[in-house]
Structures are given as C-alpha cells and as structure tokens.
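The structure under discussion appears below in the form of structure tokens.
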Amino acid sequence: MTIPSLNAQNSKVTEHRLSNGLTVWLNEDHSQNKVIGTLVVRIGAKDSPNTGIPHYFEHIMFKGTDKIGTVDYEKEKPLLDEIKKQYSLLSQTSDPKEIEDIQKRINTLSIEAAKYAIPNEFTNLISKYGGSGLNAYTSWDHTAYFNTFSPQYLEHWCYLNSERLINPVFRLFQSELETVYEEKNMYSDAMGREAMDRVIARVAAPHPYQYTIIGSTENLKKPDLAKMEEFYNTYYVAGNMGLILCGSFSEEEVLPVLEKTFGRIRPGNPPRPVCEQPRPFNGVEQFSVKFPIPFIQGRVLIWRGVPSGHEDEAAMEVAIRIFSNKGETGLLDKLYRTGKVMTAGAQFNNMNDMGAAAIFFVPKLPFGTISSAQKEATKILEQVKRGEFGDDLFQQLKNEMLQDYTTLLEDLTSRGRTYASLFAAGEHWSSHHQKLERVRSLTKQDVVDVVNRYFTGNYLQVSKKTGRYPKDRIQKPPFAPLPLHNKGAKSEFARFLETLPVGNSDLRFLDFETDAKPVSVIEGNDLVKLYTGANPINDLFTLKLNYQVGIYERPVLEQVAFYLSLLGTSRHGSDQFKDKLQQLGATLSFEAYNETFTINVRGFDAQLKPTLELLGHFLTDVKGEKKALKKLVENKKISRKAILKSSQDMGEALSEWVRFGDKSTYAMQLSLKEIKALKADRLVGELKSVLFKECDIHYVGNESAEQVASLLKQYLPLDKVEERTANPIDLDAVVPKKPYLYILPDKKSTQTIIKGYLFAPPFESDKERAYLELYRVYLGGGMNSLLFQEVRELRSLAYGAYSVSYLPSKRSQTSKATILEAHLSTQGDKATEALLLLDSLLNVKPDDAGRIEYAQEALRSAASNNYPTFRKKSETAVRAVRRGFDEDPALWLLNRIEDVDRSDFARYISEKLQQSHPRAYVVVGNPKKLDMKALAKLGEVVVVDPKKIYR
C-alpha cells in the first residue's frame, strides 16, 4: 500500500504570541510571490444567537475606523452617536408609525454624517497596497477576515488590518443594513435553503446552532448598534484572535512588524459562553421538509456525530467513505450503480460543539418506493456494523483520505484556509499532521466500533414533501440614498501609509519558453503535446488529457462524460474497474467543457505505470452498458427540474442565449427525448471519435518528462490522434439591432436578477482590448468600482454588483465583437429602480481619475497574486498560447495599462462601447414587482419562453 508523503518544510508553521496575547501562526513559503493573510476571531453566530450581530459586525469591519474612512472624525462622531441612539430606540418599539419616524430620523442623520465619510477607503487602500480577494465570512463558531497581498506591502497590510480592529466605526450603517437585507432575501430564493435551515434547527436544538447565522427577520429589521458595540468590546480582543500568514516573507523580519501593529490591539480573554447541548434522539424521530421538485421522493437519516477534533473524528470520516466516496466504490454507491436506487450516499459534518452523520437515498424512477430504498440502505448499514466490507476497501479508503488531507496543504490558499479552520476549532496547527498519523494508525475494528457506537436506533428520519415555504421578505425601509462626498479624499491614516517603505518587488510571470514548452510523445506527430511540471510538495501526480473538442462542436459529449463514469471494460466490470483504480490510489474522471473533453487522473508517482496501463485499457476496451443509460435519463430529469426551478440557473441560460443565441450551450444541449434515444454504441463511439482529436497533456509530478512520455506512448492510444482542431472557438455575439429588455418571469422569487449588456465592435488594436479590461474593473471589479459604490454602497439596491467581460481570443479580436456584462441581484421591489440606475451608470463616461487609478491598482495586484500554483502552470500557459498570446496575459495587460491616456480611454469606452450598439437587458424575477411603463424606455420588451432558451 502506497502512503502519501508530505514535504513538511513547505507546511511548517511556527507559533508566536504577541505581547497583548494575540496568537500568530507563520508559514514561510517562497514558492509563490504572495502572502495569504487571515485573521480569525473565535466568535460566531452561536455566541449571539438569532440576532445577526456577528454577521452584521463582519460587514462593519469594512467601513473604516476613527482614522480610516473619515475626513473629520470629531465632527462625524456626534452624528454617529446620535444614529446609534436612534437604532436603540428602533429596537425597542413595535409601533409602525414610530418605526417610520425613527427610520426617517436615521436617514436624515446618515445623510449628514455621509459628508465626512470617505466611502470604501479601507478597501481602496487594500487594493492600492497590493491586495486582492478581500473578503470575510461568519460561521456559527468564528469569523474570519482574509485576502491575498504582495510581499513588498507587508507592513502596509499589517497596519491596515490591525487598525481596522482597534476602533471600528459604524459608518454608513444605513446602506450596510439594507445590504444585509438583500443577502437575507437572496438566501430565501436558494432552492432547498429553507428546508436545510429547518433540518439544522431540528438537529441542533436547543443549542444555538439551531438559529441561522444571518439572524431572524425581526432582529434584522431592528438592529441595536449599542449591543453591537458591546459585542465588539467583549469579543474582539487579542486573546480571542489568531493571525495566520502563509507565503513569501521572512519570519525574522515580520515578527517586529506584527508586534508594532497587531500588538496594539486591546488585550483580553473573553468569557466562553456555555451552550446547552443538542438533545439526544429518542428512537426514530420523524421530521418532514418541503422541497419544490415534484414526483421525486427522498429521505435522510441523521445520527449524532462527533465535534471537530474528537478522537473518533478520523474513524467516522473513513466510515462515511465506506458508505459513499468520490471513487464510487462505497457500499451505498453500489446501490446507485446497480440501479436499486436513483441515488444514495452518506455525509459527515461537524462544528466545534457537535457533529452529525447522515445517510440519504432517493428511490429509482418511476416505480421505486421510499420504503424499498430505505430497506436497501439499512441492509448496507447493518453490513458495515458487522464489519462485512473488505480489508482492501478499508485500506484504499484510508489512503484516499490521506491523499485528500495531504492535498489540502499543497498551495498557499488552501493551506491558509486549513490552518484558519484549525485555529477556529481551538486546535493546534500541527493537528492536521496528527490527523494524518491518526488515519494511518486506524484499524478496521476502530471503524466498525465507531459505526456501532453512533449509528444506533436513535436517529432523525427526514422525509421530503413537495412544496414551498412562504418567504420571509424584508422590505426596503423609507431611506433616501446617501450622497457621495469626499471623492478622492485621503484620511490622515492614508497619508501615513504613504510614508512607509515599500519592500522589494519580485513579480513572477509565466515563461512560455519553459511553462509552455512541449515534449514530443509520438515522433513526427505534433498533435500530441506533453507539458510537465515539478511537484515540490508531495508524491501525488496529476495528469490531464485535454482533447481539443468540446460541447460547442458536439453537445452529446456532456452525456458521454457522465456515462463513462458508470462503465467498466469487457475484462473488468464497472465495480471491479473502480476497485482496481482505488487499489492503486488513483482516481479517474471525465469532463466535457465548451472547447475540450478532459480526462483527469490523480495518483501516486510510484504507481504511475500501472495507473496509465489501467487507463489505456479503459480507453481501448470500454464496454457500454444498457442499464447505465437509465442513469443518463434520471440525471437529466433531476437536473432539468432543478434548473427550471432555479432563477439563478435560468438567468444563466437566458444570459447565454442573449449573448450567443442558438449557439448557447443551454440551447444546444440534448433534450430529454434525445437522451432517451441514445444507445450504448453511440456513446462509446463518441469517445473513440474524441481520441482522434488533437490532445494537450499536462503532467505534474516527480517523474521526468522523458519517462512520462515513454509511458504515455506505451499505454495510451495516442497513436490514433490525427485530427487538428479549430480551438479556440470564438462564438459570434448576437449584437442587437435595437434595444431589448428580456424578461423571464419567476413569480415566486424574492430576488430579481438583472444583467445589462454592452457590445463593442471588433478591436482595432491591442490597446482597445486593454482599455476594455480596464473598464471592466472600473465598472464592476470590486468594492471601489462604480457599480459597487453607486448601487450597493450608497443606495443599497443590490447585494451582488459586478461586471464580466466576454472577450474573443487574440486571434479573432479584429473580427469578433466583444461583450461586457453588468450584473445586479436585487430585491423585487427595488428592481425597477436598480435597472434604471444601471442604465444611467452605463452612460457615464469613465473619466474619473481616481477610479481609473483604482482599476489599474486592482489589475496590478491581480497580476501579482494570481500567479498559478504548480499544478496549474502549464495548463494556464498553454491556454494563453492557444488564445494568441506570446507572453503571460497578466504581463501583457500590465504593460498596456501602466501609462493610460485617460482621455483616450474615456473616449474609446464612450464611443465604441457605450454608444456603438444598442443594449440588451435581462430581468429574471417577479414581473408584478416591475414598473413596465418606466422600463419600456430601455427597449422592446420580450417575455421569454423558458423552452426557447433551455432544452
């Protein structure tokens, strides 16, 4: 049995304690020129249950302090204090008239206080000093703040992120309050969210986990800022915080910086609330939830599990994999693959104070019953309790789990998240390595004992009923929008940051001479190219075979990819083939993308040869199975019902149809009728056809390029490759001849999805391409963009506010139109106002010097911080080459935005993008909430039939 090994040097952490008691974990790793900074506060929703205060406070932490985000805090503070008093009064009244009066007073005070605010100065400074990916989240147990930044700005980052914790100010709270309303409404539209919340409430009660993280509607309507301030004073102290830095820095140099910055945070150790634990289940307790998909039954059985860090955690995780795993070799997986159920599986989730283990199943269509499915699942459970599963399966799944644990430490981002989770759970950073050892030492009897200990006759039986829950809507308060003052102003703190020294910059870019240098596999055949990369972390290899044909050319390949996952060969049936893969510690998957059909392999370098031999056997001897065709039909039926019920998914379908018409992948995909007509020979034949297409192969591991090429040639049918392809495929944009407003009605949605489209003519030069990308960031590329500030920050008209560009490859940029999408997600009663505002913003000439500078800084930071990991280098480089670049696209863009002629930029965007073609708008939501008379001026209104955009 091959056991994963780990380069401990890359994942090594040193722990320090600052003078104020703040814990610091440092992981120095120079493999990438960036740092991931995460601050974890051990306080979450359970510590202020159902109030939403922890989540509200997470939002406040982006609003600045008494030093950041203000031009005159002494004048601003009395107004903020009065606003706080008004919110306290609001929290204590239920009289509608009094509520409205207080809200009006808050609005008046907020407008006055806005005169002193510098909106988004904190986020702007993060971007200015090399930061990207700025975000935060609140869980039941903790809150985390994080972003990536360039090492030369480490001192700037430390000052900024420590200052935000010292004296945060409830600035512009009116707009943030409405933003949280939007977030609440967004969740209410998510399919199954309410059902899941109700299950969690039932499982967790009476523990505070029973309440949602975002809080109750009633509490959201009446936030008490005084209680939030008390919450901050109690829990945001140094002894309750952990700072985790992973990346390129010198530990010796960074420690004094941390002491003089984060060492300023108030010391203290807050009281740890004692929560009442979830009550045990007594026998089989029945519970039902509504789910809006008819005809399909389903059931989940939930047992009490173990919390994070428990001694039985590792055994429980292996047990769950014996039931169900990603290799589909679990005992419940076999129920699915043999057609006894439509689907079945198991899951294990845990938090600091509790855990839960579940088995779920859906009976086969159309005549299967829930009782028969449960009977089959119960048989499996009893079988595992008796230890009736193979020793080989047990060892293989231990190995799979070790691979997963090892992979978590491969790159800086996942490593930072892993260590943050450990700190939040009260564990030591070395716990991850200890878990690896714990898994290695597990015996089969350990797992059997855990299954018998926890999977008892006491559990919650959750059944699905068809239906929807009434939505708890939060209406927009009678607030006038806050005016934007102090544009381009700088706080004293911002000026202080300008005095700090900047470290040496070591920007790294892809080098096509090495990262995209092919190795010949078949002599004389340049259609098969191998690209290799070294793995400095562990002994796990990844192999991707990207055949250059995809859904654009052959929509059936989407079904081929799914079908292949169900098959074996004439020599090894499906179950046996999957077992053989798992014995090698390998995984195999197939994916159909727009332009490529990809075969993914992961395994151990020590087993590369037998893994490739097994893969070659599959590709040349795959055997179609008639019964597996039923799974294609079932999968289509379920996905079709789910997509038609999801405003988000249907919004994507409509969006793609507006951009590309009948070439949209949603419109081209096979219909249910066509899938029912598919035959095994047809699908296997499609795979054989794919194997003739041009192929890029990406290997990352520890074997030499020559050795890998030799094994590929020996075992894979690469000699069949003989067809050059047209990739990349640049679809023709459907440029409207007049303005259109496309409406897809969804009467049951709370939120409304809005998309606006601008169409630019083909680029006449590279400069124009760079201008359009700069404008994308200017318009909707972060918290300082035009959309975010005007739509979300000042008017609270949307939760999501961003922009996306759809650019042709450089090879086609002089002949293909370009599309820019502006996206908003807003509450139904705000949709008309939001859409009209969007239309006006898309007319604004981009001549704001400060925002242009912000967009440039954001692109510089992205170029520095988005350098690919070792697993992604060659694939990223080759994709760029195929799209016509002769250097790293990030470097290409930086070279063209450094010295932008601002008037020329503004003129190009105004004339070639904003005015050159009619616009198209998309609205997915409740039409009763729209003022059609007001919106008619945007273009011809077209009510879209879902069948037209989604087959």
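Sequential numbering from 1 along the given sequence is applied to the chain's residues.
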Can you tell me if T466 and K464 form a side-chain donor-acceptor pair at under 3.5 Å?
yes
Measure from the side-chain N and O atoms of S324 to the backbone N and O of R321, and report whether any donor-acceptor pair falls under 3.5 Å.
no
Give me the atom names and distance for the closest heavy-atom approach of W657 to K948.
CZ2-CE, 3.4 Å
Y806 six-ring face occupied by R659 cation (under 6.0 Å, within 45°)
yes
For a side-chain hydrogen bond (donor to acceptor under 3.5 Å, both in side chains) check, start with the C-alpha distance between Y757 and S655, then their side-chain angles and the critical distance, and finish with the verdict.
CA-CA 9 Å; Y757 293 95; S655 168; 2.3 Å; yes
If you take all heavy atoms of I359 and A377, which pair is closest and at what distance?
CG2-CB, 4.4 Å
What do you reckon, is NZ of K679 surrounded by more than 12 foreign heavy atoms closer than 6.0 Å?
no
Just checking, is any N or O donor in the side chain of N349 or Q347 under 3.5 Å from an acceptor N or O on the other one?
yes
Under 3.5 Å side-chain donor-acceptor pair for Y950 and S664:
no
Is the distance between the ring centroids of F291 and Y469 under 6.0 Å?
no
Trace of the salt bridge (Lys or Arg N to Asp or Glu O under 4.0 Å) decision for D696 with K544:
CA-CA 8 Å; D696 293 339; K544 296 188 77 168; over 6 Å; no
What I want to check is whether the side chains of Y666 and E656 have a donor and an acceptor closer together than 3.5 Å.
no
Contact summary for A319 and V451, nearest pair of heavy atoms
CB-CG2, 3.6 Å
If the plane angle is over 60° it's perpendicular, under 30° parallel, otherwise tilted; pick one for Y802 and H823.
parallel
Between S689 and R554, does any side-chain donor sit less than 3.5 Å from a side-chain acceptor?
yes
Would you say that more than 12 heavy atoms from the other residues, nucleotides or ligands in this model lie under 6.0 Å from the NZ of K385, or not?
yes
Could you tell me whether the side chains of Q297 and K465 share a donor-acceptor contact shorter than 3.5 Å?
no
Do S812 and S815 meet the criterion of a side-chain donor-acceptor pair at a distance under 3.5 Å?
no
Minimum-distance pair of heavy atoms, taken over all atoms of Q751 and S825:
OE1-CB, 3.5 Å
Is it the case that more than 12 heavy atoms not belonging to M196 sit under 6.0 Å from its CE atom?
no
Establish, from distance only, whether the side-chain atoms of E595 and Y552 form a donor-acceptor pair under 3.5 Å.
no
Residue pair E875 / N546, side-chain donor-acceptor N/O under 3.5 Å:
yes
Under 3.5 Å, is there a donor-acceptor pair linking the side chains of T329 and D333?
no
Would you say the side-chain atoms of R919 pair up with the backbone N or O of L741, donor to acceptor, closer than 3.5 Å?
no
Heavy atoms only: give me the nearest R871-F541 pair and the separation to one decimal.
NH1-C, 3.8 Å
More than 12 foreign heavy atoms under 6.0 Å from NZ of K663: is that the case here?
no
Mark yes when over 12 heavy atoms from residues, nucleotides or ligands other than R299 sit less than 6.0 Å from its CZ; otherwise mark no.
yes
F577 and F618: aromatic ring centres closer than 6.0 Å?
yes
If you count the non-hydrogen atoms of other residues, nucleotides and ligands that lie under 6.0 Å from CG in D662, is the total more than 12?
no
Testing the 3.5 Å rule here: is there a donor-acceptor pair between the side chains of Q583 and D392?
no
Closest heavy-atom pair, A831 versus L930, reported as atoms and distance to 0.1 Å, is CB-CD2, 3.6 Å
Kindly assign one of parallel, tilted or perpendicular to the pair W303 and F455, based on the angle between their ring planes and the thresholds 30° and 60°.
tilted
Answer with yes or no whether the side chains of Q548 and R724 bring together a donor and an acceptor at under 3.5 Å.
no
Assign the ring pair Y740 / Y742 to parallel, tilted or perpendicular, where the plane angle (0 to 90°) is split at 30° and 60°.
parallel
